Amino acid sequence: MTTKKRKSKKSTKADKPSLTVRLIQWALRLAIFILILFIGFFGAVYVGVFGPVPDHEELRNLINAQASEVYTHDGKVIGRYFLENRSEVAIEDISPIIIQALVATEDSRFFEHQGVDHQSLIRVIVKSILLGQNAGGGSTISQQLAKNVFGRQNHGWLTMPAVKAREIIIANKLNQVYSKEEILELYLNTVSLGEDTYGIKTACERFFSVSPADIKTEEAAVLIGMLKSPTAYNPRLHPEKSESRRNVVLSQMQKQEYLSSEETQRLQALPLTLNYSRNSSEASSALHLTQHLRKQVEAILAEYNTAADKEIALETDGVQIYTTIDSRMQQYAQQAVVAHLDQLQRTFNTDLRQQGKLSEEIDATLQSGFLVTNPHNGHVLAWVGGRDYQSSQYDHIVSERQVGSVFKPIVYAKALNDGYEPCDFVSNQQVRYTQYDDWTPQNSNGNYDGSSSLIGGLTHSTNTVSVKLLMESGIEDVIAFAEQLGAGEGLPKVPSLALGVANMSVEEISRIYTPFANEGWQHQQVVITRIEDAEGKEIYINKFDESKRVLTAKVSHQITNMMRSVADKGTARRLRSWYGVNDPIAAKTGTTQNHADGWFVGYTPEWLGVVWVGADNPGLHFSSIKDGQGANMALPIWAKFYQKVKVDQELAKKLRTDFDFDNDLADCELHREDNFLVKVFKKKTKKNRNSGLEYSEDEDSTAVPEKKKKRFWDIFKKKKKK
């Protein structure tokens, strides 16, 4: 009989794994399980379960949405069209200081790893997950680039591991496709630095008004410091925090041996200094212009895209738009507008209070349109459509308002064209036009004695003379003549047309005056000269071939010399007496009904400037011609602009100061009295005109004078009765 062997308790106990071994086994199984989960999760991310992952080909064709830029004739950027305000710059045009600050602060091992810094990643995992410490994001420059370009999606509680895994994969691929220098270029062109700025070039221009090639070390440290939090470390909004963060970046640069200890201490001791300048397409002088050009550029691109089978978009594809604008003249024009309107606004507000206007009406802002062109080729040199784009998006260069007496040179040019000479005389006598509802023109000085020469009538903007010339030429013939010069259709067929009751734009008046300033030749107004795509390939070029003669050179010279008399002796004489403008200037002021609109047109041998000033609501206006005349409302803007241009040495070299033809009208008699007794008592009459009655140097208003002046004969008759 056999017996079973019993297992000894001792042997059974020896065969059982120890607790340590079992723990190790469980740890290994858990690690393998986690590894399988990690690989599975990573694989899911790789194949696009948590959002598409670009392949190598997509990465090679990586293109950012890039702002299109508008350039002046002298190469300055004055405007941008963008979805994201980004302007790209090549790595060779970026200062090494920016690269050093970036690498030292954001990714010190950038040149050693292939997109993922495993040492930094392990440090973050240990400190953040195991020790509960804040160890920073641990993202490399390549990972940040992946985030900037491809964005992040929300995946609930898996969001952070999913987006981090995706960025690690893309970062690794980026390093397979691009060199380190190319990755730095891509990163610096995509990074956001707050205030709707994208890319280092836009940030350099915004905060320090420099290019990325010319930035200083302490300035570069400010911008790189903003990467941690663009709003919190914005140097304009939070200068103290920004300076503190700047010094941290400088310390990191010293730690990585980009700066010496002495240099670091010197830079950290510097105060934070900005040269802040929002791009003009965003906030300042040229935004009215760039918005005006938008439709024209989009039409050009649409035509090009159709012909070339392209899909170039204005706001995303980095189109380069080159214009005729002179950057200095644009700046001076804007400064002149703001400087004068600031001063005039105070007088305007006081006047409105005295008129009993409501507080919201008193807050109405005066606006201006100021257009400067070269009459010899039609090039627009400066375009200021308003005080600033924030206060009014309405472009006051293309808006229409009553033009007042700036229309009168058209009437005089027609008379000259019909055979009149500038020194010929026309009666100043008041006439009632019965066929036009008994309408009677009135002169703002209340004087209807004697006669005026054509040059005298224009010099003093005499209403009665202007209307008589219009009626003699024929209203319809004058309208046809105005359209020939460049006026639009729809001018009113009434005698008061001579006084400027028509509504016209600054742009239209500039076009009409061009033949006066250009030997009788009319040119198409030009702003855009050419357009290129982001690679510099030409999309459009303006041929500038539309010009025609609309006036004889003789009449052009005569009108110019007559308008020179306006500046020397007439309604624009404060150019000389107040502003010291002593060079030859052809000028014309304009004042409208109820003093709602003030106009001034002036041209030199090189440029033509047209100014309008008024409130957007024509019901709000000055109460008197003293403040509401064109010589007070608009002329100062032109004069202030001229003063700035005159002292600019670069512009002074280019601009001629004298006309090519002689002023042969200087000896023309302006006014002639018809009676010997009037001549005898001439001094007494002049004295009476200044005896408390409202009188203006600008006699061109279409309005009825506030108080009709006594005429000489009225005074004489009263004395005779006594």
Side-chain angles (χ1 to χ4, degrees), residues 41-42 44-56 58-66 82-86 88 91 98-99 101-110 113-121 123-125 128 134-203 223-234 249 316:
F41 179 77
F42 219 78
V45 173
Y46 192 90
V47 298
V49 172
F50 295 93
V53 175
D55 58 24
H56 288 91
E58 289 176 287
L59 292 176
R60 288 190 187 95
N61 297 321
L62 190 62
I63 298 175
N64 298 313
Q66 185 176 352
F82 56 84
L83 292 176
E84 293 179 346
N85 187 14
R86 176 184 291 119
E88 297 200 353
I91 190 68
I98 293 176
I99 306 297
L102 174 64
V103 171
T105 308
E106 296 294 320
D107 190 356
S108 61
R109 288 169 40 81
F110 172 75
H113 61 68
Q114 292 302 307
V116 181
D117 186 351
H118 296 96
Q119 292 182 16
S120 178
L121 187 62
R123 172 181 58 81
V124 170
I125 292 173
S128 298
N134 183 2
S139 293
T140 64
I141 290 173
S142 299
Q143 289 172 261
Q144 293 180 44
L145 173 59
K147 180 183 70 174
N148 293 343
V149 174
F150 298 103
R152 288 177 168 179
Q153 297 177 3
N154 189 329
H155 303 290
W157 63 275
L158 285 175
T159 294
M160 190 51 62
V163 298
K164 285 292 184 181
R166 181 169 177 263
E167 288 162 9
I168 287 172
I169 294 169
I170 296 174
N172 183 261
K173 288 187 174 185
L174 284 168
N175 278 261
Q176 296 173 19
V177 172
Y178 293 106
S179 68
K180 290 293 185 179
E181 289 74 18
E182 290 170 331
I183 289 174
L184 288 171
E185 180 178 306
L186 285 168
Y187 177 82
L188 287 169
N189 280 314
T190 59
V191 69
S192 171
L193 288 106
E195 294 195 2
D196 196 30
T197 61
Y198 293 83
I200 195 67
K201 181 182 178 183
T202 307
L223 297 182
I224 296 304
M226 292 173 68
L227 295 175
K228 184 175 182 180
S229 178
T231 300
Y233 297 113
N234 183 306
V249 174
T316 58

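None of the values given here were measured: they were computed from a predicted structure.
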Peer 1: Measure the shortest side-chain to side-chain distance between Q66 and T316 over non-hydrogen atoms and say whether it is less than 4.5 angstrom.
Peer 2: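 Heavy-atom side-chain distance check fails, nothing below 4.5 Å.
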Peer 1: Within the 4.5 Å heavy-atom criterion, are E182 and L174 side-chain neighbours or not?
Peer 2: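 No. Closest side-chain heavy atoms not under 4.5 Å.
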Peer 1: Keeping the roles fixed (side chain from Q143, backbone from E167), state whether a donor-acceptor pair exists under 3.5 Å.
Peer 2: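 Checked: no pair found.
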Peer 1: Under the 3.5 angstrom rule, does the side chain of D107 hit a backbone N or O of I141 as a donor-acceptor pair?
Peer 2: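 Such a contact is found between D107 side chain and I141 backbone.
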Peer 1: Measuring from I200:CD1 to I224:CD1, what's the distance to the nearest 0.5 Å?
Peer 2: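 Here the rounded value is 5.0 Å.
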Peer 1: Who passes side-chain hydrogen bond (donor to acceptor under 3.5 Å, both in side chains) against Y187, sequence neighbours left out?
Peer 2: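 By the side-chain hydrogen bond (donor to acceptor under 3.5 Å, both in side chains) rule, Y187 matches Q144.
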Peer 1: Under a 4.5 Å cut-off applied to non-hydrogen side-chain atoms, are Y233 and L227 in contact?
Peer 2: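 Answer no - side chains too far apart.
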Peer 1: Where do Q114 and N172 land on the side chain to side chain donor-acceptor pair (under 3.5 Å) test, with the steps shown first?
Peer 2: CA-CA 6 Å; Q114 292 302 307; N172 183 261; over 6 Å; no
Peer 1: Below 4.5 Å, heavy atoms only, C-beta onward: do L186 and Y178 meet side chain to side chain?
Peer 2: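 In short, these two side chains touch, coming nearer than 4.5 Å.
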Peer 1: Taking NZ in K180 as the centre, count heavy atoms belonging to other residues, nucleotides or ligands within less than 6.0 Å. Is the count above 12?
Peer 2: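 Correct, the count exceeds 12.
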Peer 1: When rounded to the nearest 0.5 angstrom, what is the spacing between CG in N175 and CD1 in I183?
Peer 2: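 CD1 of I183 is found 3.5 Å from CG of N175.
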Peer 1: How long is the gap from CG on L184 to CD1 on I98, to the nearest 0.5 Å?
Peer 2: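 L184 atom CG to I98 atom CD1 measures 11.5 Å (nearest 0.5 Å).
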Peer 1: I need the minimum non-hydrogen distance between L193 and G199, along with the two atoms involved.
Peer 2: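 Shortest heavy-atom contact: CD1-O, 4.0 Å.
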Peer 1: Do L145 and V191 come close enough that some side-chain heavy atom pair is under 4.5 Å?
Peer 2: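 L145 vs V191: side chains apart.
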Peer 1: What is the distance from atom OG of S142 to atom CD1 of I168, rounded to the nearest 0.5 Å?
Peer 2: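 Reported value, rounded in 0.5 Å steps: 11.5 Å.
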Peer 1: Indicate the atoms forming the closest heavy-atom contact of A146 with I170, along with that distance.
Peer 2: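 Shortest heavy-atom contact: CB-CG2, 3.6 Å.
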Peer 1: Determine whether a donor-acceptor pair (N or O, by modelled atom type, separation under 3.5 Å) exists between the side chain of S108 and the backbone of A104.
Peer 2: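 Such a contact is absent between S108 side chain and A104 backbone.
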Peer 1: Testing the basics here: between S192 and P230, what is the closest heavy-atom pair and its distance to 0.1 Å?
Peer 2: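 S192 and P230 have their closest heavy atoms at O-CG, 3.8 Å.
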Peer 1: To the closest 0.5 Å, what do you measure between CZ (F110) and CG (L102)?
Peer 2: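 These two atoms lie 8.0 Å from each other.
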Peer 1: How long is the gap from OG on S229 to CG on N234, to the nearest 0.5 Å?
Peer 2: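 With rounding to 0.5 Å, OG (S229) is 9.5 Å from CG (N234).
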Peer 1: Sub-3.5 Å donor-acceptor pair from the side chain of E106 to the main-chain atoms of V103, do we have one?
Peer 2: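 No, because the side chain of E106 does not come within donor-acceptor range (under 3.5 Å) of the backbone of V103.
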